[in-house]
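What follows is a single structure, written as structure tokens, with notes after it.
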There are 2 protein chains.
Amino acid sequence: MNTHNIINFLREKGLKVTSQRLAICSFILSRKDHPTAEQIFQELRDEYPTISLGTIYKTLHLLKDLRLIQELGFNNGSIRYDPDMELHVNMICSKCGKIYDYKTKNVKNLWDAILSELNVKPVGQRIDVYYECDDCKNINST
Amino acid sequence: MNTHNIINFLREKGLKVTSQRLAICSFILSRKDHPTAEQIFQELRDEYPTISLGTIYKTLHLLKDLRLIQELGFNNGSIRYDPDMELHVNMICSKCGKIYDYKTKNVKNLWDAILSELNVKPVGQRIDVYYECDDCKNINST
DNA sequence: TTACTATTTGATAATGGTTATTAATGAATC
DNA sequence: GATTCATTAATAACCATTATCAAATAGTAA
Ligand SMILES: [Mn+2]
Ligand SMILES: [Mn+2]
Ligand SMILES: [Zn+2]
Ligand SMILES: [Zn+2]
């Protein structure tokens, strides 16, 4: 979703297009690494020195309500934001916390099979695989 | 895991068997509803009026380190505790938050297929399905 | 362009769940 | 029963998130 699309989307919803809002939306909608609110705040401060953490949170909640992003709560209490709303597997390093998304036709087929067995119509899902990433593996083996 | 097993397990690990510890372990290891620390605290206060929330947390962390329970962080910031360490699907009502575990041979087969495609050796996983439970469905339809 | 208005922002305070601290307690051992 | 050291309970500290509200501003219309 590019800047133009975001502007149109906000306007359609009757929301004002502020520079902060645009920056936060562009940022999170393009990121693949599931950042926290604090991380977004820190990265945007360079370009928007007066931006407030409260605005980050408000915008993230807005995007969540508009179903453009999802929140992922973790067991250390942190909440990370994921702009991929489609079915996918979050590959999470149990050591460093890095995440990447994994999505193939096979995952979808297998997931549909589980759902038909469960016999429910889900309104959402979350699939995490915790593993040790290559970087962390290499550190351990040195 | 019954009381006797828990006592032996704690002794094997060189941990003292206190009445509080035993109560907390028995409670969480037998519950299927993924309670929060606060819920455990409230339910144990009847029988143990002086029990402290700090002790609840310490014991839960202990059980987590001993790999007898897992923490599940949610996107409202709450953390719930699950004594089922085997592969299973958490069926979570998106309205009322109730959870039950779903586990079948088929789920395992399907998951193994996904893992072999991913080509990683996971150290853990989490599978959530969000849906509307029967109770919440009925409330809406009245 | 200017004036108007409702929304949004930023600064700050408040909230609430989790963790840290520490003196008192009590389980395990002899 | 005495000793020892892990554990507990009470309390304070911490910190991420939310609430508050006056100031700023986007959108709209004169
Ligand atoms: Mn993801
Ligand atoms: Mn479960
Ligand atoms: Zn890693
Ligand atoms: Zn429900």
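Numbers restart at 1 for each chain; the letters A, B, ... are given by sequence-line order, proteins then strands. Here the structure is a predicted model, which is why all the values come from computation and not from measurement.
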Could you tell me whether [X] and [Y] make a salt bridge, using a distance below 4.0 angstrom between a side-chain N and a carboxylate O?
X: A/Asp84; Y: A/Lys103; result: yes
X: B/Glu132; Y: B/Lys137; result: no
X: B/Asp135; Y: B/Lys98; result: yes
X: A/Arg31; Y: A/Glu43; result: yes
X: B/Arg126; Y: B/Asp128; result: yes

Close approaches to DNA chain C from residues 44-56 of chain A, in residue order (heavy atom, under 4.0 Å):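 Residues of residues 44-56 of chain A that come under 4.0 Å of DNA chain C are, in numerical order, A/Thr50, A/Ile51, A/Ser52, A/Thr55.
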
Length of the line joining [X]:[atom1] and [N]:[atom2], which is rounded to integer Å:
X: B/His61; N: D/dT7; atom1: NE2; atom2: P; answer: 15 Å
X: A/Arg21; N: D/dG27; atom1: CZ; atom2: P; answer: 10 Å
X: B/Ile79; N: D/dC15; atom1: CD1; atom2: C1'; answer: 13 Å
X: B/Leu10; N: D/dT8; atom1: CG; atom2: P; answer: 10 Å
X: A/Glu38; N: D/dA16; atom1: CD; atom2: C1'; answer: 9 Å
X: A/Phe74; N: D/dA16; atom1: CZ; atom2: P; answer: 16 Å
X: B/Lys13; N: D/dA6; atom1: NZ; atom2: C1'; answer: 17 Å
X: A/Phe41; N: D/dC15; atom1: CZ; atom2: P; answer: 16 Å

Flag, side chain of B/Ser26 to backbone of B/Leu22, donor-acceptor distance under 3.5 Å: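 Side chain of B/Ser26 to backbone of B/Leu22, a donor-acceptor pair under 3.5 Å: yes, one is there.
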
Parallel, tilted or perpendicular: ring planes of B/Tyr100 versus B/Tyr131, cut at 30 and 60 degrees: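 Rings of B/Tyr100 and B/Tyr131: perpendicular, over 60°.
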
Nucleotides 22-30 of chain C: protein proximity per nucleotide (B base, S sugar-phosphate only, - neither; heavy atom, under 4.0 Å): ----BBS--

Closest non-hydrogen atom pair between A/Gln42 and A/Glu38, with its separation: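 Minimum heavy-atom contact is NE2-OE2, 2.7 Å.
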
Side chain proximity check, B/Gln70 to B/Tyr81, heavy atoms < 4.5 angstrom: no

Whichever of A/Ile24 and B/Glu71 has its nearest DNA chain C nucleotide further upstream toward 5': A/Ile24

